[in-house]
S.K.: 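I have a structure here, written as structure tokens, and I will follow up with some questions on it.
Sequence lines set the chain letters: A, B, ... in the order given, protein chains first and strands last, and positions in each chain run from 1.
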Amino acid sequence: MKLDSKIPKGSISDKWTQYRSSVSLVNPSNKRNLEIIVVGTGLAGASAASSLAELGYKVKAFCFQDSPRRAHSIAAQGGINAAKNYQNDGDSVYRLFYDTIKGGDYRSREANVHRLAEVSTSIIDQCVAQGVPFAREYGGTLSNRSFGGTQVQRTFYAAGQTGQQLLLGAYSGLERQVGLGNIKMYARHEMVEVVKIDGKAQGIIARNLITGELERHFGHAVLLCTGGYGNVFYLSTNAMGSNVTAAWKAHKAGAFFGNPCFTQIHPTCIPVSGHYQSKLTLMSESLRNDGRIWVPKIKDDTRNPNTIPEEERDYYLERRYPAFGNLVPRDIASRAAKERCDAGFGVGPSKMAVYLDFKHNLMYKYGQSEASKLGISNPDDDTLTRLGKAVVKEKYGNLFDMYKQITDEDPYEIPMRIYPAVHYTMGGLWVDYDLMTTVPGMYALGEANFSDHGANRLGASALMQGLADGYFVIPYTIGSYLSKEIHTKPISTDHEAFVAAEKFAADRISMLMEIQGTRSVESYHRELGLIMWNKCGMARNEQGLKEAIEEIKELRANFYKNVRIPGSINEFNPELDKAGRVADFLELGELMCVDALEREESCGGHFREEHQTEDGEALRNDDTHMYVSAWEHKENCQWELNKEALNYENIKIQQRSYK
Amino acid sequence: MTKSMKINLKVWRQRNADAVGNFADYTVDASPDMSFLEMFDVLNEQLIQNGLEPVAFDHDCREGICGMCSMVINGRPHGPKRGVTTCQLHMRSFKDGDTISVEPWRANAFPVVKDLSVNRSAFDRIISAGGFISTNTGNAVDANTILIQKEIADEAFKAATCIGCGACVSACKNASAMLFVGAKVTQLSLLPQGKPEKESRVVAMVNQMDAEGFGACTNTGACFAECPKQIPLSVISTLNREYLSAKLSGK
Ligand SMILES: Cc1cc2nc3c(=O)[nH]c(=O)nc-3n(C[C@H](O)[C@H](O)[C@H](O)COP(=O)(O)OP(=O)(O)OC[C@H]3O[C@@H](n4cnc5c(N)ncnc54)[C@H](O)[C@@H]3O)c2cc1C
Ligand code: SF4
Ligand code: FES
């Protein structure tokens with residue numbers, strides 16, 4: 001199949017404006033007759049659902065949690081980018097565009113990224129209008145901080161709870177439309193199948209998680225805003241329920257999967273502490289503004305870090321990347337931590353950790369500046385610490401508390417121990433400029449699509465993308481499809497396609513329940529996660545990937561013979577919900593390895609050991625791999641590769657350097 | 001490696017909303033570094049291995065922010081530690097050999113779904129009644145044209161950190177939702193953007209709260225004591241004040 005990314009003609013800075021003024025519109029009376037299904041109520045889903053409902057469409061929204069407010073966007077900590085240039089430090093739409101393309105290691109689409117940078121400024125306006133309490137300066141204006149991979153301060157934040165505040169803003173907009181009768185909300189519902197009629201997406205089958213019943217829902221269009229699939233690694237910073245199921249069902253119904261192997265491993269997470277570990281906790285990238293990362297210069301150094309003198313510390317990021325220092329992009333910071341630990345310089349009980357140390361900035365940056373404000377000359381160390389601590393507490397208090405709660409160590413006193421963990425998936429359903437997948441009428445928004453971050457996402461850009469897609473992109477682009485659908489009458493859910501899709505889902509669930517083997521779902525998930533982490537994680541090679549593919553196939557076969565799901569189908573049964581999700585991860589994991597094997601280069605978070613520079617940096621292969629991999633599912637986990645060539649017309653492609 | 005600890009559990013088991021529930025006893029080998037929910041994972045793995053039904057409980061983020069986890073531990077919502085959700089509670093807060101009782105939130109407005117899981121959709125309906133600022137996408141002015149005093153912004157933020165978990169309701173002998181509603185009303189009425197609707201908002205939210213069957217507030221402060229986000233009791237005074245002034249102005 002020939003992929004058409006439908007990128008509008010024109011110069012990069014005019015494409016979106018021209019598109020918006022020329023895209024077909026649906027008139028208000030027709031909107032009332034058009035129904036849209038929005039699966040997911042995170043930033044992408046909640047913003048899309050409310051914006052579309054405001055325009056007059058009839059919306060049905062779904063989420064698997066007990067309330068739309070609990071989507072995993074709630075957990076985002078550090079901030080959201082926007083090219084406002086409020087700091088007068090040289091930011092611009094172009095610079096945000098450029099940083100994002102470069103940060104993504106030249107594997108994203110120029111036109112989409114430029115649009116994202118353009119609408120970024122409206123997002124902040126919209127959120128403030130909703131009452132999102134962003135951090136402010138004493139003069140009453142909005143405050144900014146820095147994030148990785150940039151040299152300007154463009155990140156807006158609300159302490160360490162930015163995602164929570166943004167989501168609660170979007171959720172309040174959604175609930176307002178629920179109250180007005182324009183959105184019908186289905187919480188504790190999981191989409192388990194796509195319904196296609198005449199090749200177009202026309203509805204979904206959703207499972208009511210409380211009763212176990214399958215329900216049929218019609219829609220003129222279906223929007224998947226179902227988040228990322230990092231949980232294929234079992235341990236990740238994602239929520240326990242985050243899954244690929246909706247996207248995977250769409251994939252099997254014909255939607256191509258873009259760059260599945262592009263995974264983001266976040267450098268600053270709390271390390272694994274035991275075999276019972278169920279998830280990993282992020283310590284926001286914003287901490288790298290003020291924390292310095294180091295390991296001891298001596299191997300196996302077990303001294304208390306506070307007693308290790310300056311000259312015996314290796315601030316390896318500052319050493320290797322003087323221009324960006326601790327603020328290099330995530331992929332680079334993660335690999336550098338792994339390199340130090342693999343070389344034997346790791347710290348903590350497992351030796352798989354590095355220090356993130358606040359002492360220096362706490363005392364000399366904040367303590368000193370507070371002391372100057374108070375007119376204290378020659379403050380002693382205790383004063384500096386006390387004054388600095390108050391500032392740090394205001395900036396990151398909740399993160400420090402969380403760290404202490406989990407590790408029982410006080411990061412104000414002793415450096416945090418951190419290690420990289422799976423965090424985000426740049427890959428996702430392939431979409432065109434309209435955010436439509438290869439199945440007409442089916443869209444993917446937010447982390448669920450592949451579109452804007454190339455091979456590595458910059459911090460504070462996922463929240464931006466989710467809200468851009470939902471508030472400012474889909475309300476326009478959906479018109480291009482729906483304007484042609486105004487004559488499609490709502491299709492009865494008695495239609496044979498609905499009956500067949502429901503039966504297909506029901507049979508699959510019964511089949512899973514009937515296995516009644518001996519192993520828990522969780523045990524398969526853990527085992528899959530370990531294969532993925534070891535062989536398709538921070539470093540990958542041909543042999544490992546080939547082994548992983550075989551191991552996953554075997555594990556999958558074993559799952560279908562030996563999994564044990566307790567309880568029954570028609571009741572609240574979290575084990576059954578999990579089984580369906582793990583079954584899909586067991587297929588996705590294989591595709592990720594297939595993709596990683598095919599991509600004979602290193603770029604961003606995808607590091608193939610065979611392709612690196614002399615000093616261990618990722619080495620792209622622009623001559624052969626300047627494309628998006630869009631995988632088409634054939635029969636039974638066989639895939640065919642389609643390539644979307646990436647044409648850079650505005651940005652000069654370079655070897656990425658942060659030195 | 002870390003020490004192991006033996007924990008005796010008394011867990012509320014209830015098939016569904018209509019069934020009668022009862023406590024069941026279990027023993028689990030835990031470790032002090034485990035979270036409380038990881039201890040439940042171990043219990044469930046054990047139950048599945050023995051062909052028994054695992055305990056249903058709600059959870060998702062496991063980092064204290066989504067508000068999904070909800071266990072009454074030894075009679076206290078979210079357990080013994082102040083300012084901590086169930087998922088962030090660690091076993092080091094207990095001792096080897098302890099017996100711990102675990103129940104769901106108890107409130108008429110939060111019916112049990114199964115075991116430790118309850119239905120909190122009443123909270124969504126309260127927000128839907130008025131917990132928002134009526135602004136459509138695309139209407140907004142440049143963000144920095146609205147200047148907000150830092151202290152006000154910080155106070156609004158503090159109130160906005162409510163995670164909607166419902167511990168306040170569960171802790172209250174009247175099952176009152178005033179802390180939850182007060183938090184939202186405080187956030188939005190402090191901010192200039194929220195002022196135009198402040199009267200209609202508070203009335204609509206309070207009416208919905210009453211319709212859902214939450215009880216009255218008798219100022220015992222149990223909600224604040226158990227609130228994992230330490231939402232201050234002052235939000236309840238703000239709520240009362242806003243409500244009264246809305247009523248006086250005839251809303
Ligand atoms: C700990 C953490 C911190 C982060 N911090 C930042 C940050 O500071 N800045 C930043 O920009 N990004 C950050 N990110 C990334 C960012 O939060 C996410 O990429 C983004 O919020 C995803 O939003 P979303 O709307 O696409 O999906 P989500 O918020 O994950 O929402 C998914 C929705 O889909 C629903 N769903 C899923 N599957 C189904 C199904 N089968 N049926 C029905 N419903 C379904 C869920 O119920 C949920 O409502 C962070 C991520 C994590 C994990
Ligand atoms: S006020 Fe506190 S206890 Fe009540 S719902 Fe909010 S966070 Fe939970
Ligand atoms: S599981 Fe999210 S707050 Fe506890």
S.K.: Looking at A/D408, A/L167, A/L174, which one has more heavy-atom pairs under 4.5 Å with chain B than the rest?
M.R.: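 Heavy-atom pair counts peak at A/D408.
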S.K.: Are B/I163 and A/Q164 close enough that some pair of their side-chain heavy atoms sits under 4.5 Å apart?
M.R.: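 A side-chain contact exists here, since the closest heavy-atom pair is under 4.5 Å.
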S.K.: So, for B/K150 and A/E137, which heavy atoms are closest and what is the spacing to 0.1 Å?
M.R.: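 So the minimum-distance heavy-atom pair works out to CB-O, 3.7 Å.
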S.K.: How many angstroms lie between atom CZ of A/R70 and atom NE2 of B/H59, to the nearest 0.5 angstrom?
M.R.: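 Rounded to the nearest 0.5 Å, the CZ-NE2 separation comes to 13.0 Å.
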S.K.: If you tally heavy-atom pairs under 4.5 Å against chain B, which of A/M240, A/R176, A/E522 wins?
M.R.: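 Ranked by contacts with chain B, first place is A/R176.
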S.K.: Identify the heavy atoms of B/A143 and A/V128 that sit nearest to each other, and give their distance.
M.R.: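 Answer, listing the atom of B/A143 first, then A/V128: CB-CG2, 3.8 Å.
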S.K.: CG/B/L188 to CD/A/Q130 distance, rounded to the nearest 0.5 angstrom?
M.R.: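 One finds 10.5 Å between CG of B/L188 and CD of A/Q130.
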S.K.: If the contact rule is any heavy atom under 4.5 Å from chain A, which residues of residues 190-203 of chain B qualify, in numerical order?
M.R.: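 Listed by number: B/L191, B/Q193.
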S.K.: Can you confirm whether A/R188 sits close enough to B/N119 that some side-chain heavy atom of one is under 4.5 Å from a side-chain heavy atom of the other?
M.R.: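 The answer is no; the side chains never approach within 4.5 Å.
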S.K.: Do B/K114 and A/F572 form a cation-pi contact, if we require the NZ or CZ to be under 6.0 Å from the six-membered ring centre and within 45 degrees of the ring's axis?
M.R.: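 Relative to the ring axis of A/F572, which defines the angle, B/K114 lies outside at least one limit.
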S.K.: Would you mind reporting whether B/Q49 and A/R564 have side-chain heavy atoms less than 4.5 Å apart?
M.R.: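 They are not in side-chain contact.
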S.K.: When you measure from the side chain of A/Q161 to the backbone of B/I65, do you find a donor-acceptor pair of N or O atoms at a distance under 3.5 Å?
M.R.: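 No: the side chain of A/Q161 does not pair with the backbone of B/I65.
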S.K.: For B/V113, which atoms come within 4.5 Å of any heavy atom of chain A: side chain, backbone, both, or neither?
M.R.: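 When you check distances to chain A, only side chain atoms of B/V113 fall under 4.5 Å.
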S.K.: Just do the side-chain contact (heavy atoms from CB on, under 4.5 Å) check on B/R120 and A/S67 with the steps written out, would you?
M.R.: CA-CA 8 Å; B/R120 286 169 287 197; A/S67 162; over 6 Å; no
S.K.: Closer than 3.5 angstrom, by distance alone: can the side chain of B/Q88 be matched with the main-chain N or O of A/I406 as a donor-acceptor pair?
M.R.: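 Side chain of B/Q88 to backbone of A/I406, a donor-acceptor pair under 3.5 Å: no, none is there.
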S.K.: State the CG-OG distance between A/L209 and B/S117, to the nearest 0.5 angstrom.
M.R.: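 Between A/L209 CG and B/S117 OG, I get 10.5 Å after rounding to 0.5 Å.
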S.K.: When rounded to the nearest 0.5 angstrom, what is the spacing between CG in A/N573 and CD in B/E53?
M.R.: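 Here the interatomic distance stands at 6.5 Å.
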S.K.: Is it the case that the side chain of B/E45 and the backbone of A/S520 share a donor-acceptor pair, with hydrogens and angles ignored and the cut-off at 3.5 Å?
M.R.: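 Side chain of B/E45 to backbone of A/S520: no pair is present.
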S.K.: Look at A/I124, A/V178, A/L282, A/D66 and state which one has the largest set of heavy-atom pairs under 4.5 Å with chain B.
M.R.: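 Option with the greatest count: A/D66.
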S.K.: I'd like to check the side-chain hydrogen bond (donor to acceptor under 3.5 Å, both in side chains) partners of A/T407; sequence neighbours left out, ordered by chain and number.
M.R.: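 Scan of A/T407 (side-chain hydrogen bond (donor to acceptor under 3.5 Å, both in side chains), adjacent residues dropped) gives none.
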S.K.: Tell me, do B/N16 and A/E571 make a side-chain contact under 4.5 Å, heavy atoms counted?
M.R.: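 No. Closest side-chain heavy atoms not under 4.5 Å.
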S.K.: Less than 3.5 Å apart, which donor and acceptor atoms pair up between the side chains of residues 126-133 of chain B and the rest of the protein, not counting sequence neighbours?
M.R.:
unit_1, atom_1, unit_2, atom_2, d
B/S128, OG, A/E175, O, 3.0
B/S128, OG, A/G179, N, 3.2

S.K.: May I ask you to say whether A/R69 pairs ionically with B/D124, meaning some side-chain N is under 4.0 Å from a carboxylate O?
M.R.: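 Here A/R69 does not pair with B/D124 in a salt bridge, since their nearest N and O are not under 4.0 Å apart.
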S.K.: Quick one: of A/F64, A/Y138, A/Y471, A/Y86, who has the most non-hydrogen atom pairs under 4.5 Å with chain B?
M.R.: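 Highest number of heavy-atom pairs under 4.5 Å: A/Y86.
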S.K.: What are the residues of residues 46-56 of chain A, in order of number, with any heavy atom under 4.5 angstrom from a heavy atom of chain B?
M.R.: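 Those residues of residues 46-56 of chain A which have a heavy atom under 4.5 Å from chain B are A/S51, A/E54.
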S.K.: Where is the tightest heavy-atom contact between B/F123 and A/Y171, given as atom of each residue plus distance?
M.R.: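 B/F123 and A/Y171 have their closest heavy atoms at O-OH, 4.4 Å.
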S.K.: For chain A, find which of B/D41, B/N139, B/D58 contributes the most heavy-atom pairs closer than 4.5 angstrom.
M.R.: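 Result: the option with the highest number of such pairs is B/D58.
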S.K.: For the residue pair B/I48 and A/P566, what are the closest heavy atoms and their distance?
M.R.: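 Closest approach of B/I48 to A/P566, heavy atoms only: CG1-CG, 4.1 Å.
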S.K.: Nearest 0.5 angstrom please: A/D125 CG to B/D142 CG, how far?
M.R.: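 Separation between the atoms: 5.0 Å.
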S.K.: Test your reading of the model: is there a side-chain donor-acceptor pair from B/D60 to the backbone of A/G241, 3.5 Å cut-off?
M.R.: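 Confirmed, B/D60 side chain pairs with A/G241 backbone.
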S.K.: Taking only Lys NZ, Arg NE, NH1 and NH2, and the carboxylate oxygens of Asp or Glu, determine whether A/R136 and B/D154 approach each other closer than 4.0 Å.
M.R.: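 No, no charged N to carboxylate O under 4.0 Å.
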S.K.: Minimum heavy-atom separation for A/T237 and B/E63, please, with both atom names.
M.R.: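 The answer is O-OE1, 4.1 Å.
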S.K.: Atom NZ of A/K279 and atom CG of B/L37: how far apart are they, to the nearest 0.5 Å?
M.R.: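 A/K279 atom NZ to B/L37 atom CG measures 11.5 Å (nearest 0.5 Å).
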S.K.: Between B/D33 and A/Y276, do the side chains contain an N or O donor and an N or O acceptor separated by less than 3.5 Å?
M.R.: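 Side chains of B/D33 and A/Y276: no pair found under 3.5 Å.
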